[in-house]
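Starting from 1, each residue takes its place in the sequence as its number. What's counted below: heavy atoms across the whole structure, side chains too, no hydrogens, waters or symmetry copies.
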Amino acid sequence: MKNLTRLFFLTLLFTGLVFTGCKDALDVTFEADYTTELPIVVTPSTLKATNGVFESSTTIDPLSNGNMSTYANNIQSVRIVEATATILSVSTEAVMSAELDVTSGTLPAASWVFTDVQLVEGAVIELSNETGQLDNLSDIISAKNVFTVDVVGQTDQDDISFTMSVTIRAFVTANPL
């Protein structure tokens, strides 16, 4: 009887280990990319000390990614691989200082401040994780709610326009069980 009890507990232990391992083996990891363009028109400032001011905003639905939508109820983790802001076009070269924010509801925002960035076509601004911004961005995407990308700033030139593209690359792990 003692051996039978031991065999029963060993069988339970083995079964638990096998099923735990199998569940992890079913994990699916995929890349979820999000890109949005922010068209920006710089208007003359009413303050004499500055030249032009701008603001542009757009929203992104994380479920617009097909895999994210498919596995929405089974997301285990979101890891931001890269986040960038790229100047796609600019009517006149200028220098900007700005703040870029990604927000969603009451979650902590992911915010970056740029100072004296040269506005030239093709310029890429790396969005770093210096103060945990990419961690906050990961939490925002994990929440699966629509989020807002907003940029506010000023330039050293008036009456110009440019387009900024914000790209977020993430690896998402989900388990269909």
Side-chain angles (χ1 to χ4, degrees), residues 8-40 54-89 96-115 117 119 121-153 162-177:
F8 176 73
F9 283 116
L10 285 174
T11 303
L12 281 176
L13 178 65
F14 179 74
T15 303
L17 290 174
V18 167
F19 281 112
T20 302
C22 288
K23 184 179 180 198
D24 291 342
L26 294 176
D27 283 355
V28 176
T29 299
F30 56 90
E31 190 170 332
D33 294 342
Y34 303 98
T35 300
T36 189
E37 291 184 10
L38 296 158
I40 299 169
F54 62 87
E55 179 175 5
S56 186
S57 181
T58 188
T59 59
I60 296 176
D61 182 355
L63 298 179
S64 64
N65 176 285
N67 285 328
M68 191 74 163
S69 178
T70 299
Y71 295 105
N73 295 326
N74 302 45
I75 302 297
Q76 292 182 322
S77 67
V78 174
R79 182 175 56 90
I80 305 301
V81 178
E82 178 183 46
T84 59
T86 304
I87 305 304
L88 298 180
S89 64
M96 80 162 171
S97 294
E99 181 172 345
L100 176 77
D101 296 315
V102 178
T103 58
S104 180
T106 60
L107 292 170
S111 297
W112 295 269
V113 175
F114 317 121
T115 306
V117 172
L119 286 176
E121 191 172 312
V124 177
I125 304 164
E126 296 292 327
L127 304 179
S128 68
N129 197 31
E130 290 176 6
T131 60
Q133 300 100 314
L134 298 182
D135 301 327
N136 291 351
L137 188 53
S138 175
D139 292 342
I140 288 169
I141 293 173
S142 293
K144 300 172 289 238
N145 296 323
V146 173
F147 57 91
T148 302
V149 179
D150 183 55
V151 64
V152 177
F162 62 98
T163 301
M164 178 185 289
S165 171
V166 175
T167 301
I168 301 164
R169 288 185 52 229
F171 283 140
V172 180
T173 301
N175 191 301
L177 293 181

Supply the atom-to-atom distance Asp101 CG to Phe147 CZ, rounded to the nearest 0.5 angstrom.
13.0 Å

Determine whether Leu100 and Val166 satisfy the following criterion, side chain to side chain contact (heavy atoms under 4.5 Å, CB included), listing intermediate values before the conclusion.
CA-CA 10 Å; Leu100 176 77; Val166 175; 4.2 Å; yes

State whether the side chain of Tyr34 and the backbone N or O of Pro62 hold a donor-acceptor pair below 3.5 Å, judged by distance alone.
yes

Got more than 12 heavy atoms from elsewhere within 6.0 Å of CD, Glu126?
yes

Rounded to the nearest 0.5 angstrom, the OH-CG distance for Tyr71 and Leu63 is 14.5 Å

What I'd like to find out is whether the side chain of Trp112 reaches to under 4.5 Å of the side chain of Ile125, using heavy atoms alone.
no

Kindly indicate, with the supporting measurements, whether the criterion side chain to side chain contact (heavy atoms under 4.5 Å, CB included) is fulfilled by Thr59 and Val149.
CA-CA 6 Å; Thr59 59; Val149 179; over 6 Å; no

Output for pair (Leu127 CG, Glu82 CD), nearest 0.5 Å, gives 9.0 Å

Can you name the closest pair of heavy atoms from Asp150 and Ser57 and give their distance?
OD1-CB, 3.4 Å

For Ser56 and Pro39, which heavy atoms make the closest approach, and how far apart are they?
OG-O, 3.0 Å

Close side-chain approach of Thr86 to Met164, heavy-atom, < 4.5 Å
no

Side-chain (Asp33) to main-chain (Arg169) donor-acceptor, under 3.5 angstrom:
no

Using a 4.5 Å cut-off on heavy atoms from C-beta on, say whether the side chain of Ser77 contacts that of Phe171.
no

At their closest point, which heavy atom of Ala32 faces which heavy atom of Asn65, and how far apart are they?
CA-ND2, 3.4 Å

Any heavy-atom pair between the side chains of Thr148 and Val102 that's under 4.5 Å?
no

Side-chain heavy atoms of Ile75 within contact of Met68, under 4.5 Å:
yes

Quick one, Phe54 and Val152 - any side-chain contact, counting heavy atoms below 4.5 Å?
no

If you measure only the distance, is there a donor-acceptor pair under 3.5 Å linking the side chains of Asn145 and Ser104?
no

Test your reading of the model: is there a side-chain donor-acceptor pair from Ser142 to the backbone of Ser138, 3.5 Å cut-off?
yes

Smallest heavy-atom separation, Asn136 atom then Ala109 atom, equals ND2-O, 2.8 Å

Give the C-alpha distance, both sets of side-chain angles, the deciding distance and a yes or no for side-chain hydrogen bond (donor to acceptor under 3.5 Å, both in side chains) between Asp27 and Asn175.
CA-CA 5 Å; Asp27 283 355; Asn175 191 301; 2.6 Å; yes

Interatomic distance, Glu99 atom CD to Ser111 atom OG [nearest 0.5 angstrom]:
5.0 Å

So, taking the atom named CG in Asp139 and the one named CG in Leu107, what distance separates them when rounded to the nearest 0.5 Å?
7.0 Å

Might you work through the side-chain hydrogen bond (donor to acceptor under 3.5 Å, both in side chains) test for Thr115 and Ser97, ending with a clear yes or no?
CA-CA 4 Å; Thr115 306; Ser97 294; 4.9 Å; no

Do Ile168 and Ile80 come close enough that some side-chain heavy atom pair is under 4.5 Å?
yes

Distance check, rounded to the nearest 0.5 Å: Phe162 atom CZ versus Glu121 atom CD?
13.0 Å

Within-4.5 Å side-chain heavy-atom neighbours: Asp135 and Gln133
no

